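See below for the structure under consideration.
Each chain gets a letter, A, B and so on, in the order the sequences are listed, and its residues count up from 1. Model, not experiment: these values are computed from the prediction.
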There are 2 protein chains.
Amino acid sequence: MGVHSPHTHGVVILGGGFGGLYVSKSLNRGDIEVTVVDKRNYHLFQPLLYQVATGGLSPGDISSPLRVVLKGHSNTRVWQARAVGVDARRRLAVLEDGVLPYDTLVVATGSGHTYFGNDHWAPHAPGLKTIEDALDIRRRILLAFETAERETNQERRRAWLTFAIIGAGPTGVELCGALAELSRYTMKHDFRSIDPAEAQIILIEGADRVLPSYPSELSAKAQRALTNLGVKVSKETLVTNIERDTLVVTRNGKEQRIRARTILWAAGVKASSLGQALANETGVQLDRAGKVVVAPDLTVPGHPEIFVIGDLASFTHQSESPLPAVAPVAIQQGRHVADSIKRRIDGRPVKPFRYRDKGNLAVIGRSAAVAHFGRRRFNGFPAWLAWVFVHISYLIEFDNKLIVMIQWAFDYFTRKRGARLITGDDPHPLIPNSGREDPRYEKE
Amino acid sequence: MGVHSPHTHGVVILGGGFGGLYVSKSLNRGDIEVTVVDKRNYHLFQPLLYQVATGGLSPGDISSPLRVVLKGHSNTRVWQARAVGVDARRRLAVLEDGVLPYDTLVVATGSGHTYFGNDHWAPHAPGLKTIEDALDIRRRILLAFETAERETNQERRRAWLTFAIIGAGPTGVELCGALAELSRYTMKHDFRSIDPAEAQIILIEGADRVLPSYPSELSAKAQRALTNLGVKVSKETLVTNIERDTLVVTRNGKEQRIRARTILWAAGVKASSLGQALANETGVQLDRAGKVVVAPDLTVPGHPEIFVIGDLASFTHQSESPLPAVAPVAIQQGRHVADSIKRRIDGRPVKPFRYRDKGNLAVIGRSAAVAHFGRRRFNGFPAWLAWVFVHISYLIEFDNKLIVMIQWAFDYFTRKRGARLITGDDPHPLIPNSGREDPRYEKE
């Protein structure tokens, strides 16, 4: 098939996230030629992205260059390029700037966020999917405190110290927890005109509980932990509009306007555009979020040579609802696909995929977390310890990021956040007139 | 005397670099009210910026939020704002968005780089002064290797693997050393189509030796270390033009065109525009680089209440040439100014400034460095150890960056560079057609 020597089988993997990376990690065999395509040169450990957004970790701490992770695999090359489609008939992955032939294709390009048709909200309420997103959010959060410090008008100062987070899934909950820690503890003695602990943190959720995908008793515990940290949780609340400094919501049919200069978007996930491209090419069914409805063996029906895994796949053969879009699903699917590819080459039968749910974890500030592993549910410090352990062991597996673990332990004892930098093209404060209101100048 | 209560003396410090920071660190006294103004929210440890540019360290490792450094000083506030001028008559520091009254003003806004009237070179040959600069350079360096990996045309590939660094002062020399380490060792097994060790690194210097401000025997040793790492050193060479992928130089009257896709600017320092603003306001003399020629006590002649220190000051009272623009000078000047301010308030006499030269250090890759401390000159591993020790102890003084030291030790043993991320708005490769030349596709 294709252009390979008779004895090599060409696998092209689109996406170097958890799914794609675990396929390639498990395909270290001389008779398989692997190409990993990603528009970035690094694998991103997305579960800790909110730590970058709140100044706890640096981008380098949670990212590993794909070449470094795969350097020991002489059968594998890394191609930094943007995948835009698939030519299933000719078996070509279509890149923005060329094509790549394949015998087997693995599509693992994940998902982005969606504003449900309100893309004009994006500049006022950034989402958290990339390193650039995280640095933008970090800049907004830190600049809000800097500007509040110089703002003398009470109402405007209050708006700078109000933070609204939309969406109470794991990302929203973890962002709230980290923001609360930052303002209540880390920054305690940093300012002279404001008390950062006065910052209002509001969590907006459409459902009737936080962490809707978790067991309800853990939702209750998570909400209690958030409330203890001073976060205001507003459930059954729908966002109807977002302006530069105002969030408009409705609850029980009543409209409310919230003045907040920092609004963050942790709601609404949309599948990568590769899903639509695959549907156009192969006729495969997409679900409402644009995810590819895969066969029990994770292939596109009618195309045994095309696998779709991770956040881009909708796998509905195990329970009523599709598997959740979390790292453990992508990792297990990646390993399964690698196994299937090797089985096929060796002439052995391929097995259907089955997800083994090892549990869920979410962390809410220092030593507060909720977890369930099978029937065992726990919270507080034991859950936090489990969370640290699970995340650190992933990071170390990829790239020996021992340093992160040390920083972690250090942060834990000191509540310090070492990466609180405002970087970017325009690092000075956002409101132009606050300096003129310096009380010392007025008195003169 | 401004707006302060009768017993407090108001000091405004413009700039939170080494100079400004050391003034404020030494002014922790209840009868002095200090305001530190910086357009950034952090102090940057500039001597290690080239490590960020070459993926060895993260921005957070070499930056400390000014609020964190000064949090224990209840008499000190930090103001994130851009200073644009001085109203010496009314004793006001003029900010972009307001004014600040002072009793004593310390101007320490440093320097930037200049292209000697060729500002159109800037997009093709970025300089290294800020975190943003360093991340831009890191992106260019890493993308050059990524693009070379996909480029099949020999000549174009060679241009992607050619790196020209202009200026052989400490920054240029250290950049070359780090780039050589990166391509010769760190990336050794990362690529499949190219051998990163084939990268050509060319150092261009107008003078007749590298490190022209160091003793000549150390220049010779530094050049030998660079040559051993495979760097091509081109002395007495003048840059006449820079285009997107070509550097034009003349040497001995002969013109030469060098095809290089990565060109870095480590030459030409220009004083901050506050120098010109001060000259307009007070008539103080500027030197050729725009630096303020200060009195022996570091004040502006005729204005004992205005101090100028660090890279912005030209101090000519100690030797024939002005003091060099290095951190130790700024630090000692900062401490001296703080002492002078306290002496004046206490009614004690003020002393002239005198620089105590404790030596110079430059590092060229792993365990190669040159140093002179007074009459003692050494190089190789002892110089490298001294360099590590001096830099780490500064970093720890500010912000307890123990983590950096650990990363350092780790890097030293593994030649690893943990922060090799291509971030920014446009993270995909720069040439659009290389993928089409994939040999596997051509053969099909």
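Most heavy-atom pairs under 4.5 Å with chain B, from the set A/Asp38, A/Ile131, A/Asp190: that is A/Asp190.
Between B/Ile422 and A/Gln80, the shortest heavy-atom contact is CD1-OE1, 3.5 Å. Between A/Asn41 and B/Glu146 the shortest heavy-atom distance is CB-OE2, 4.0 Å. When all heavy atoms are compared, the tightest approach of B/Arg192 to A/Thr76 is NE-O, 2.7 Å.
How far NE2 of B/His189 is from OG of A/Ser74: 11.5 Å, rounded to the nearest 0.5 Å. The line from CH2 of B/Trp79 to CD of A/Glu149 is 6.0 Å long, rounded to the nearest 0.5 Å.
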task: Verify side chain to side chain contact (heavy atoms under 4.5 Å, CB included) between A/Arg150 and B/Asp97, making sure each step is shown before the conclusion.
output: CA-CA 11 Å; A/Arg150 295 183 59 195; B/Asp97 56 356; 3.1 Å; yes

task: Show your working on side chain to side chain contact (heavy atoms under 4.5 Å, CB included) between B/Met187 and A/Arg67 and close with a plain yes or no.
output: CA-CA 9 Å; B/Met187 288 183 162; A/Arg67 298 195 180 286; over 6 Å; no

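Interface remark: B/Leu66 contributes no atoms to any contact with chain A (heavy atom separation under 4.5 Å).
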